[in-house]
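Before any comments, here is the structure.
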There are 2 protein chains.
Amino acid sequence: MPEQTAGSRPTLEAVAARAGVSRATASRVVNGGEGVRPPLVDKVRQAVEELGYVPNHAARSLVTRRNGAVAVVIAEPEMRIFSDPFFEQQVRGISRELTAHDSQLVLLWVEGPGDHDRIARYLGGGHVDGALAFSLHNDDELPALIGRTKIPMVFGGRPAAGADLTVPYVDADNRGGAREAVRHLVSRGCRNIAHIAGPRDQTSAQDRIDGYHDVLVDADPDLLCQGDFTEASGARAMAELLDRRPDVDGVFVSNDLMASGALRTLRERGLRVPEDVALVGFDDMVSVVGTTEPALTTVRQDIEGMGRLMVRLLMRLLNESGGAAPASVITPTTLVRRASA
Amino acid sequence: MPEQTAGSRPTLEAVAARAGVSRATASRVVNGGEGVRPPLVDKVRQAVEELGYVPNHAARSLVTRRNGAVAVVIAEPEMRIFSDPFFEQQVRGISRELTAHDSQLVLLWVEGPGDHDRIARYLGGGHVDGALAFSLHNDDELPALIGRTKIPMVFGGRPAAGADLTVPYVDADNRGGAREAVRHLVSRGCRNIAHIAGPRDQTSAQDRIDGYHDVLVDADPDLLCQGDFTEASGARAMAELLDRRPDVDGVFVSNDLMASGALRTLRERGLRVPEDVALVGFDDMVSVVGTTEPALTTVRQDIEGMGRLMVRLLMRLLNESGGAAPASVITPTTLVRRASA
DNA sequence: GGGCATGGTGGGAGCGCTCTCAAACCGTCC
DNA sequence: GGACGGTTTGAGAGCGCTCCCACCATGCCC
């Protein structure tokens with residue numbers, strides 16, 4: 001463990017002395033200045049300025065019993081997901097909102113089941129005020145693990161059934177977005193609308209499938225094709241689909257990456273988009289959406305906003321510690337119409 | 001800012017009472033047990049166990065003046081680099097080593113120049129013991145910014161000339177690795193060896209160019225082609241190269257991603273690798289190297305190890321606060337021979 | 001057998017801050 | 001003019017921990 005970081009920094013005591021007030025008053029000013037008369041506020045502020053005073057975090061934590069830090073728990077297998085712009089955006093939102101709340105982001109990297117003990121100890125050890133985690137796979141033990149530490153937490157993404165339901169989460173309206181996408185294809189006049197789905201062990205993918213079925217109750221099972229959210233799987237799925245049902249004229253694809261793969265297959269097969277086959281994606285990921293030809297119609301979700309929301313929910317959880325757990329939030333999605341459908 | 005994280009946790013006082021010793025002795029045991037007789041050590045350990053005691057970090061920080069946290073500063077434009085497996089691996093290494101040192105990773109996300117103030121204040125505010133930053137572009141102001149805060153820090157990657165030279169860094173032996181790659185092409189009998197370079201404002205790319213020139217002192221300038229580390233730029237550069245000098249028979253590419261692009265172009269032009277053109281990449285990135293056809297010969301650098309090294313260097317810096325700054329470390333690279341050269 | 005190192009232990013101060021509580025102050029009203 | 005209510009202010013008590021230092025057993029030597 002490291003050592004002292006700098007020469008002795010000025011204490012509140014010093015500020016108070018310089019401003020000619022008591023430590024208590026100085027403290028009040030530093031923490032907002034409520035109930036202190038303006039002239040004194042100014043004096044203290046000036047002293048702070050002159051001395052370059054910065055509050056000692058540890059001392060403050062010690063008495064307030066809060067430490068102004070939130071853990072973002074990332075499981076090793078999901079780390080690859082940093083390559084996923086989705087995750088990046090979410091972390092960005094979290095980071096921004098945390099900054100706004102004067103809290104810091106402590107990255108907790110879970111190396112695998114063998115690492116669970118360490119994580120639980122850390123989380124339970126009162127180093128952070130709360131935790132943010134992502135529930136990506138149904139078989140993920142992480143949520144349960146964190147749940148056991150009894151630390152306030154919020155999930156990103158709806159946890160699979162079976163997970164602790166008292167833990168609030170933030171998720172996009174995957175099902176509603178899917179419905180809107182499919183309805184859009186219907187309204188365009190598409191008759192045989194297929195769905196290229198994401199991995200079924202992810203609730204988001206499953207919800208999108210459900211949304212598809214909400215609109216197309218009796219859809220031919222042949223029109224449902226499985227992908228794994230990668231571009232290649234989208235291309236493959238599209239080919240499969242075309243082989244099974246050459247008459248498909250509309251496809252709702254579970255994410256943009258797969259949609260771009262599907263687009264590639266369609267192009268290779270000489271099919272026009274949207275004339276022969278209309279395509280709707282999901283995510284509205286700039287890196288994909290901006291580059292496809294034709295531009296991709298897709299369902300947008302505010303990923304960064306979801307990240308921010310996770311933090312807000314956690315903060316609420318922390319501040320109303322006694323009260324009931326805040327409700328989860330489902331953020332709306334919007335259909336962004338471009339050229340592909 | 002958040003609130004108390006759990007019900008009152010046991011204090012050292014409680015542990016001491018239960019073990020029938022003084023708080024001082026309990027503290028000694030918790031911190032290693034030096035100079036405490038075995039029977040007492042056992043008693044205290046047992047009390048810790050039974051009570052589920054976890055030291056209060058804030059209280060400890062308050063007196064030790066260390067806070068067991070290290071900032072990893074990531075500039076917004078570089079964040080995209082999380083999609084770069086390079087960065088991911090480096091952060092992984094950092095995370096692991098930090099864990100080994102009982103320190104936590106505080107992620108500091110710099111949103112742009114407007115954010116510099118906040119970062120400087122945070123870094124200077126004694127919240128973390130030190131900082132780790134990446135110096136990726138010559139024009140990056142971040143290193144200078146952190147430097148001004150006088151906080152102990154270590155760079156990942158050699159900073160551009162002009163940066164604070166007293167700050168130690170960890171970098172791969174880019175120049176040496178490049179030399180080895182080019183020499184390998186020479187020994188294979190290649191006569192016209194080209195280089196597809198990375199962005200010149202990155203020292204790593206420049207160093208690789210220099211290594212190329214070390215071996216091929218009088219290389220035809222036409223044999224040097226500029227890329228930007230993306231797959232597409234590699235493909236484009238290879239095409240350009242082929243147009244300018246159809247007689248190239250060997251290419252050293254500044255990273256694997258560009259090499260895979262170059263490979264694509266070569267395939268499209270009907271050229272055999274390595275028979276017609278031999279190819280050597282840089283990085284040994286699994287995701288690329290494993291998928292190319294033929295398998296890519298490349299220069300490996302131990303990226304995760306570099307991350308760990310950054311942490312070790314920082315720890316040394318922190319522990320020998322008085323002494324001279326530790327020297328920077330250049331980690332060796334190794335040529336991994338596969339099929340492409 | 002008393003003096004003296006030696007290593008083990010406990011007492012207690014204090015890290016820098018917040019927060020309670022009582023004192024001091026002000027203006028107002030009877 | 002004094003009592004009273006309300007607002008500011010300051011004194012002081014900790015928060016939980018580490019670490020200095022005095023203390024106390026030992027064991028050893030002369």
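Throughout, a chain's letter reflects where its sequence line sits, starting with A, and its residues are numbered from 1. As the structure is a computational prediction, the values presented were derived from the model and not from experiment.
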Side-chain contact test, heavy atoms from C-beta onward, threshold under 4.5 Å: evaluate it for A:V54 versus B:R121 and give yes or no.
no
Distance test, side-chain N/O of A:T11 to OP1/OP2 of C:dG16, below 4.0 Å:
no
Kindly indicate whether the side chain of B:T11, heavy atoms from C-beta on, has any atom under 4.5 Å from the side chain of B:N56.
no
Does a side-chain N or O of A:R65 approach OP1 or OP2 of C:dT18 to a distance below 4.0 Å, or not?
no
Distance check: side-chain N/O of B:R37 vs OP1/OP2 of C:dT9, anything under 4.0 Å?
yes
Of the nucleotides D:dC17, C:dC17, D:dC19, which has the atom closest to the B:R23 side chain?
D:dC17
Using only side-chain N and O atoms of A:R60, determine if any of them is under 4.0 Å from OP1 or OP2 of C:dT18.
yes
Given side chains that start at C-beta, do those of B:F134 and B:V72 come closer than 4.5 Å, heavy atoms only?
yes
Quick check: on DNA chain D, is the nucleotide nearest B:N31 upstream (toward 5') of the one nearest A:V21, or the reverse? Name the residue that is more 5'.
A:V21
Nearest-angstrom distance from the residue atom NE2 of B:H57 to P of D:dC17
12 Å
DNA chain C: A:V63 or B:L62, which has the more 5' nearest nucleotide?
B:L62
A:L40 atom CG is separated from C:dC25 atom P, nearest whole Å, by 14 Å
Is the phosphate of C:dC17 approached by A:S27 (side-chain N or O, under 4.0 Å from OP1 or OP2)?
no
Round to a whole Å and report the spacing from CG of B:N67 to P of C:dC15.
18 Å
Any side-chain heavy atom of A:V106 within less than 4.5 Å of one from A:H127?
no
Could you tell me whether A:R308 and A:E304 make a salt bridge, using a distance below 4.0 angstrom between a side-chain N and a carboxylate O?
yes
Side-chain N or O of A:N56 versus OP1/OP2 of C:dC15: is the shortest distance under 4.0 Å?
no
Distance-only donor-acceptor test, A:R28 side-chain atoms vs D:dG10 base atoms, 3.5 Å
yes
Whole angstrom is fine here: how far is it from NZ in A:K43 over to P in D:dT8?
16 Å
Between atom CG in A:L12 and atom C1' in C:dG16, what is the gap in whole Å?
8 Å
Between A:A24 and A:G35, whichever has its closest DNA chain D nucleotide further toward 5' is A:G35
Short side-chain N/O contact to D:dT9 OP1/OP2 from A:T25, under 4.0 Å
no
